[in-house]
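Just so you know, these numbers use all the heavy atoms, side chains as well, and skip hydrogens, waters and symmetry mates.
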Amino acid sequence: MKCMYCGCTESKVVDSRSTDEGRTIRRRRECMQCGRRFTTYETIETAPILVVKNGGNRQAFDPGKIKNGIIKACEKRPVSMSKIDKLVEDIKKQVYNSLEQEVTSKRIGELVMNGLRDIDEVAYVRYASVYRQFTDISSFMSELETLMKDGKAKKAEEKPE
């Protein structure tokens, strides 16, 4: 690491700490030539992931947009921020673990809906109504019927025999 004061490339690490929930390491260094101290940060370099929108245009993957959409769907519902943050983190991990440089907005929407279905059914229906762009009441009702069937099947599996 090059000293910002004298340009010397020799320095020693005086202190190291983990920051940003363990994703960054903060290192306090001392220059071997001038003796002055400076701070460096070490982070994991991630390859940029692009989201391919329905129209074909691409934009950078932004977990903040996912979080905002989930927050809107969960508005006035008993869903804690910790559950929302966990869902966003799970989706982020799935996107990065896919090892693809491009992911479709459709795939991200499906991941969000799958997560919301387990957290809160009303939030799921709200998100699905915007995401799937229901054009009439029959398409909305068919989604509700699917949700109800899945719920009944899940309850039947949970019943002890």
Side-chain angles (χ1 to χ4, degrees), residues 1-133 147 150-151 154-155 157-158:
M1 188 59 59
K2 194 176 192 180
C3 174
M4 58 187 284
Y5 303 107
C6 70
C8 178
T9 56
E10 297 294 319
S11 66
K12 66 178 180 180
V13 176
V14 179
D15 181 41
S16 284
R17 312 186 170 182
S18 178
T19 60
D20 193 25
E21 297 176 6
R23 292 185 291 240
T24 304
I25 297 175
R26 177 186 180 268
R27 296 194 194 279
R28 193 76 180 131
R29 296 178 176 271
E30 184 177 317
C31 178
M32 300 301 284
Q33 184 172 327
C34 69
R36 294 179 83 179
R37 291 186 175 190
F38 57 97
T39 303
T40 60
Y41 293 90
E42 190 176 303
T43 60
I44 297 171
E45 185 177 20
T46 57
I49 294 180
L50 297 177
V51 177
V52 181
K53 306 292 266 182
N54 290 333
N57 58 336
R58 288 163 170 73
Q59 60 182 235
F61 175 66
D62 182 5
K65 287 184 177 183
I66 295 170
K67 186 175 183 175
N68 289 339
I70 294 171
I71 288 171
K72 283 181 186 173
C74 294
E75 210 167 85
K76 296 182 182 178
R77 298 294 305 154
V79 179
S80 67
M81 272 311 284
S82 63
K83 284 186 179 180
I84 292 171
D85 288 337
K86 183 176 179 343
L87 176 57
V88 172
E89 195 60 35
D90 289 346
I91 292 168
K92 200 166 103 174
K93 283 179 186 174
Q94 288 180 47
V95 168
Y96 281 112
N97 287 340
S98 72
L99 302 177
E100 299 290 327
Q101 289 186 322
E102 293 183 341
V103 62
T104 63
S105 59
K106 181 177 180 171
R107 174 74 179 128
I108 292 172
E110 294 295 328
L111 292 172
V112 171
M113 286 197 308
N114 289 339
L116 280 176
R117 180 180 284 151
D118 295 335
I119 293 173
D120 187 271
E121 290 178 342
V122 173
Y124 165 79
V125 171
R126 286 179 179 170
Y127 189 87
S129 69
V130 173
Y131 174 73
R132 293 221 169 110
Q133 298 174 343
L147 182 63
D150 290 348
K154 207 179 261 187
K155 284 181 183 175
E157 289 174 9
E158 292 173 358

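- With rounding to the nearest 0.5 Å, the separation of CD in Glu89 from OG in Ser82 is 13.0 Å.
- When side chains are defined from C-beta on, Arg37 counts as touching Val14, because their heavy atoms get closer than 4.5 Å.
- Taking CD1 of Ile119 as the reference point, atom NZ of Lys83 lies at 7.0 Å (rounded to 0.5 Å).
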(request) Evaluate the criterion side-chain contact (heavy atoms from CB on, under 4.5 Å) for residue pair Val51 and Glu102; output intermediate values, then yes/no. (result) CA-CA 6 Å; Val51 177; Glu102 293 183 341; over 6 Å; no
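- Heavy-atom minimum distance, Tyr5 versus Cys34: CB-SG, 4.4 Å.
- Atom NZ of Lys86 is separated from atom CE of Met81 by 14.5 Å, given to the nearest 0.5 angstrom.
- More than 12 heavy atoms of other shown residues, nucleotides or ligands fall within 6.0 angstrom of atom CZ in Arg23.
- For Met1 against Thr40, the heavy-atom pair with the smallest separation is CG-CG2, 3.6 Å.
- Between Glu30 and Arg36 no salt bridge is recorded (no basic side-chain N to carboxylate O distance below 4.0 Å).
- Proximity of Val112 to Val88: side-chain heavy atoms (C-beta onward) are nowhere separated by under 4.5 Å.
- Under the 4.0 Å criterion applied to side-chain N and carboxylate O atoms, Asp15 and Arg29 are not assigned as salt-bridge partners.
- To the nearest 0.5 Å, atoms CD (Glu110) and OG1 (Thr104) are separated by 9.0 Å.
- Leu116 approaches Cys74 most closely through the heavy-atom pair CD2-SG, 3.9 Å.
- Within the model, atoms CD1 of Ile108 and CD1 of Ile91 stand 8.5 Å from one another, a figure rounded to the nearest 0.5 Å.
- Side-chain contact between Ile84 and Ser80 is absent, with no heavy-atom pair separated by less than 4.5 Å.
- Residues Glu75 and Arg126 form a side-chain contact, since some pair of their non-hydrogen atoms from C-beta on lies under 4.5 Å apart.
- Side-chain atoms of Asn114 and Arg117, non-hydrogen and from C-beta on, do get closer than 4.5 Å to each other.
- The shortest distance between side-chain heavy atoms of Ile25 and Thr19 does not fall below 4.5 Å.
- For the 3.5 Å distance criterion, the side chains of Ser16 and Arg27 qualify, holding a donor opposite an acceptor.
- What you find for Gly115 and Leu87 is that their closest heavy atoms are CA-CD1, 3.5 Å.
- For the pair Tyr127 and Gly69, the tightest heavy-atom approach, listed with the atom from each and the gap, is CD1-O, 4.2 Å.
- The backbone N or O of Gly56 sits less than 3.5 Å from a side-chain atom of Arg58, completing a donor-acceptor pair.
- Within the 4.5 Å cutoff, no side-chain heavy atoms of Glu121 are placed close to those of Val125.
- A heavy-atom distance below 4.5 Å is not found between the side chains of Pro48 and Phe61.
- Annotation: the span from Ser105 atom OG to Gln59 atom CD amounts to 8.5 Å, rounded to 0.5 Å.
- When only modelled atom types and interatomic distance are considered, Arg28 and Thr39 share a side-chain donor-acceptor pair under 3.5 Å.
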